[in-house]
**Q** 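Take a look at this one; I'll ask things after.
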Amino acid sequence: MSVIGPPRTIRIGSRKSQLALIQTYWVQKQLEMHFPGREFEVQTMSTHGDKILDVALSKIGDKGLFTKELELGMLGNEIDFAVHSLKDLPTNLPENLVLGVVTERENPADALVVHAKHQDKQLETLPEGAVIGTSSLRRLAQLRHHFPHLTFKDIRGNLNTRLAKLDAGEYDAIILAVAGLKRLDMEDRIHQVISSEVSLHAVGQGALGIECRADDTEVLELLKAIEHIPTTQRCYAERAFLRELEGGCQVPIGVDTHIEGNTLTLTGIVASIDGQRLVQDTVSGEAISAEQLGLELAQRLRQAGAQEILEEIFAQIQRG
Ligand code: DPM
């Protein structure tokens, strides 16, 4: 005889930042709508990345900066799944954890946000020496390539902190993801959406990735309700590309993907930090073979010179 009790409460792990909570509550609400009889509760945790706000991101070699504590929570059975900005989730996950689902992507592009005195300017018309705030080597390398007359300066902190630093005049403009600004209801701060000709976005940008225990079939089944297949295919191609190039989150690697019918097109770029060398190419194929396409593109770029650029960057990072 087996006793069937009430279904277990599902515990969702989240970082404490405003953006992380908005994303997590969105996932919670979607699941509550799909499964009215079930309980989903949110538990917040501080991650290493939240605690070291004064160190430049690019100087921290730790790939799981924003995910490790949540992963320990899942492995220790304190939470059942974690909601991440997919771009912050390393491409190699700890044993026994998996990327359960990917939800529908927001606009994955980057945005230029300017100081009030530059309201009439675009990226193309900012004056010589204008100071651009970013801690992303990807943004830095690509923008330097196209706009060598601009100056780049590290910026840290959450979105509100960054915007306050911009408004206080520490920077002439800053670069932020369109998706984050939209989710925080700050779309009005987007001054210019940066085109993919100027800067390719980060792997997984704009999508949420939900990580859970590999053997938790019940959670995996529930999560399927909020999966978005085209986003999943695009992000699997992007992540396979990044994994194959062995890039952590902080190397100048950018991507762009599209799906039309059953065809997935993936463009990728590897740039040197000084913006002098860019290696870029595009592959297309069956969307169901997304990861294969990512691998193929990585191999092509490697042969076209990306390997040299990456080795240089890894050596640079190791020297500190
Ligand atoms: C990663 C990068 C940044 C974040 C590097 C990159 C930006 C760091 C910076 C991997 N994670 O993009 O090349 O500019 O100093 C992050 C943001 C979001 C998730 C903020 C942003 C929101 C967008 C999303 C930080 N992680 O990119 O402006 O959910 O995709």
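As the structure lists them, so they are numbered: ligands from 1, and atoms in each ligand from 1. Quick note: numbers below take in every heavy atom, side chains included, and nothing from hydrogens, waters or symmetry partners.
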**Q** Which bit of A202 gets closer than 4.0 Å to ligand 1, counting heavy atoms only: side chain, backbone, both or neither?
**A**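 The answer is the side chain of A202.
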**Q** Check R183 against ligand 1 and report side chain, backbone, both or neither, counting heavy atoms closer than 4.0 Å.
**A**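 Answer for R183: side chain.
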**Q** Just going by heavy-atom distances, which of G254, G133, S85 is nearest to atom 29 (O) of ligand 1?
**A**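 Going through G254, G133, S85 one by one, S85 has the nearest heavy atom to atom 29 (O) of ligand 1.
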**Q** Evaluate I10 against F35 for side chain to side chain contact (heavy atoms under 4.5 Å, CB included), listing each step before the verdict.
**A** CA-CA 11 Å; I10 305 294; F35 306 102; over 6 Å; no
**Q** Is there a side-chain hydrogen bond (donor to acceptor under 3.5 Å, both in side chains) between Q18 and N160 once you walk through the steps?
**A** CA-CA 9 Å; Q18 199 186 352; N160 287 310; 2.9 Å; yes
**Q** Below a 4.0 angstrom heavy-atom separation, can you tell me which part of D110, side chain or backbone, both or neither, approaches ligand 1?
**A**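 No part of D110 comes within reach of ligand 1.
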**Q** Are any of the N/O atoms on A207, whether in the backbone or the side chain, positioned under 3.5 angstrom from an N/O atom of ligand 1?
**A**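 Min N/O separation from ligand 1 is not below 3.5 Å for A207.
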**Q** Decide whether E238 and T257 meet the rule of one side-chain donor and one side-chain acceptor closer than 3.5 Å.
**A**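 Result is yes, a qualifying pair exists.
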**Q** Show your working on side-chain hydrogen bond (donor to acceptor under 3.5 Å, both in side chains) between S199 and Q142 and close with a plain yes or no.
**A** CA-CA 6 Å; S199 181; Q142 295 184 90; 3.2 Å; yes
**Q** Is it the side chain, the backbone, both or neither of H201 that has a heavy atom closer than 4.0 Å to ligand 1?
**A**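 Within the 4.0 Å criterion, H201 makes no contact with ligand 1.
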**Q** Can you tell me how far the CD atom of Q307 sits from the CG atom of L245, to the nearest 0.5 Å?
**A**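 Interatomic distance, Q307 CD to L245 CG, rounded to 0.5 Å: 8.0 Å.
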**Q** Could you tell me whether R162 approaches ligand 1 through its side chain, its backbone, both or neither, with non-hydrogen atoms closer than 4.0 Å?
**A**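 Under 4.0 Å from ligand 1, R162 contributes side-chain atoms alone.
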**Q** Got an N/O contact under 3.5 Å between A177 and ligand 1?
**A**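 Yes, there is a polar N/O contact under 3.5 Å.
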